[in-house]
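Written out below as structure tokens is the structure these notes cover.
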2 protein chains.
Amino acid sequence: MLNLKQDHSTLVVLSVLADGPSYGYAISKAIAAKSDGHFKLTASGMYPLLTKLEKQGLVSTSWEEVKAEGADPDASGRKRKWYTLSPKGRRQLDKHIEAHKQMLHLLDNFLAPAHTSTSPST
Amino acid sequence: MLNLKQDHSTLVVLSVLADGPSYGYAISKAIAAKSDGHFKLTASGMYPLLTKLEKQGLVSTSWEEVKAEGADPDASGRKRKWYTLSPKGRRQLDKHIEAHKQMLHLLDNFLAPAHTSTSPST
DNA sequence: CTTGGATATATCAGAACTCGATATATACTT
DNA sequence: AAGTATATATCGAGTTCTGATATATCCAAG
């Protein structure tokens, strides 16, 4: 169970939101589920990150009341803060994925034995 | 020019030391060269990291005087602190590489379209 | 011989980040 | 009534990041 750091958290959260709007608690569960239990992003990592993404304009937000089944229509129930990926967030996700891929590529090259082979494959 | 964070720094520094003993300044230059100028690990990141690796027993150290060409044999010249990868450091490097590869694999799966295909490959 | 750039190690300090613990409140189940 | 799940959020001690600073030697150009 890997606790995600900011860079990976951002990538993963934006990726979840690319599938459609969601909210903190659900995103956290989605990350655990989608990663088959390997990734973990807890509340203390999630909410500051979401606030940051909001400030950066990568997501837009709205509050919505959670209606209970047989609830009194006048009762004020639990609230959810929904996050929606903005066009800017969309572009940022693409950038993050690209940056991630480049990092992989550079690290692979770095770690590869110093063959200097410049193999014609790829 | 990417400034390396601790995880990647550790991986990259141990990797450089796997090619043979070296010292801070040279490691920094080697990282820039070996990454074709893409990775940067500056003094303020390098020395605390090397100290940490030493404390963890991943590297062993020794001081050596840099002899100048026509220098007075009695003159005390510049000093270098050499770092040598320990057997434990060797094993740790392998672990880091494995962890890195697993992270790639997990992130790729996460970012892949939600096909739910459960393809029999791999 | 003096100025500056390269070599070489190292710390400082403000900022940012990490992460378990805590706080608050509603909803559902037993 | 108690316990678990849902839901958002902050606190704070510890760690990490990074440009700036400090110190000192070596070498080449002016």
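Chain identifiers are assigned alphabetically (A, B, ...) following the order of the sequence lines, protein sequences preceding nucleic acid strands; residue numbering begins at 1 within each chain.
When distances run from any side-chain atom of A:Ser44 to the nucleotides C:dA27, C:dC19, D:dT25, the shortest one goes to C:dC19.
B:Trp63 comes within 4.0 angstrom of the backbone, heavy atoms only, and of no base. Counting any heavy atom pair closer than 4.0 Å across all strands shown, B:Lys40 reaches no nucleic acid atom. Nucleic acid contact for A:Gly45: none, since no nucleic acid atom lies under 4.0 Å from a heavy atom of the residue.
Rounded to whole Å, atom C1' of D:dA9 lies 14 Å from atom NZ of A:Lys79. Distance CD (B:Glu65) to P (D:dA24): 16 Å, rounded to an integer number of Å. The NZ atom of B:Lys81 sits 16 Å away from the P atom of C:dA8 (whole-angstrom rounding). Put simply, CD on A:Gln6 is 17 Å from P on C:dA15, counting in whole angstrom units. One interatomic measurement links the two molecules: CD1 of B:Ile27 to C1' of C:dA10, which rounds to 15 Å at whole-angstrom precision. Residue A:Phe39 contributes atom CZ, which lies 14 Å from atom P of C:dC19 at whole-angstrom precision. Computed from coordinates, the A:Leu50 CG to D:dT10 C1' distance equals 14 Å when rounded to whole Å. As rounded to whole Å, 14 Å separates atom P of C:dT7 from atom CH2 of B:Trp82.
Not one side-chain nitrogen or oxygen of A:Asn3 sits closer than 4.0 Å to the OP1 or OP2 atom of C:dT18. The side chain of B:Arg80 contributes an N or O atom lying less than 4.0 Å from OP1 or OP2 of C:dA8. Within the structure, a side-chain polar atom (N or O) of B:Tyr25 is placed less than 4.0 Å from OP1 or OP2 of C:dT7. At the phosphate of C:dA16, neither OP1 nor OP2 sits under 4.0 Å from any side-chain N or O atom of A:Lys52. The side chain of A:Lys5 contributes an N or O atom lying less than 4.0 Å from OP1 or OP2 of C:dC19.
When the side chains of ILVMFWY residues are joined at heavy-atom separations under 4.5 Å, either directly or via intervening members, A:Ile31 and B:Leu106 end up in a single hydrophobic cluster.
In this structure, B:Asp19 pairs ionically with B:Lys34, as a charged nitrogen and a carboxylate oxygen lie closer than 4.0 Å. Using a cutoff of 4.0 Å between basic side-chain nitrogens and carboxylate oxygens, B:Glu54 and B:Lys81 are scored as salt-bridged.
The residue among B:Thr51 and B:Tyr23 whose nearest nucleotide of DNA chain C lies closer to the 5′ end is B:Tyr23.
Side-chain contact annotation: B:Lys88 with B:Gln56, donor-acceptor N/O pair under 3.5 Å absent.
Under the 4.5 Å side-chain criterion, counting only non-hydrogen atoms from C-beta, A:Leu41 is in contact with A:Val13.
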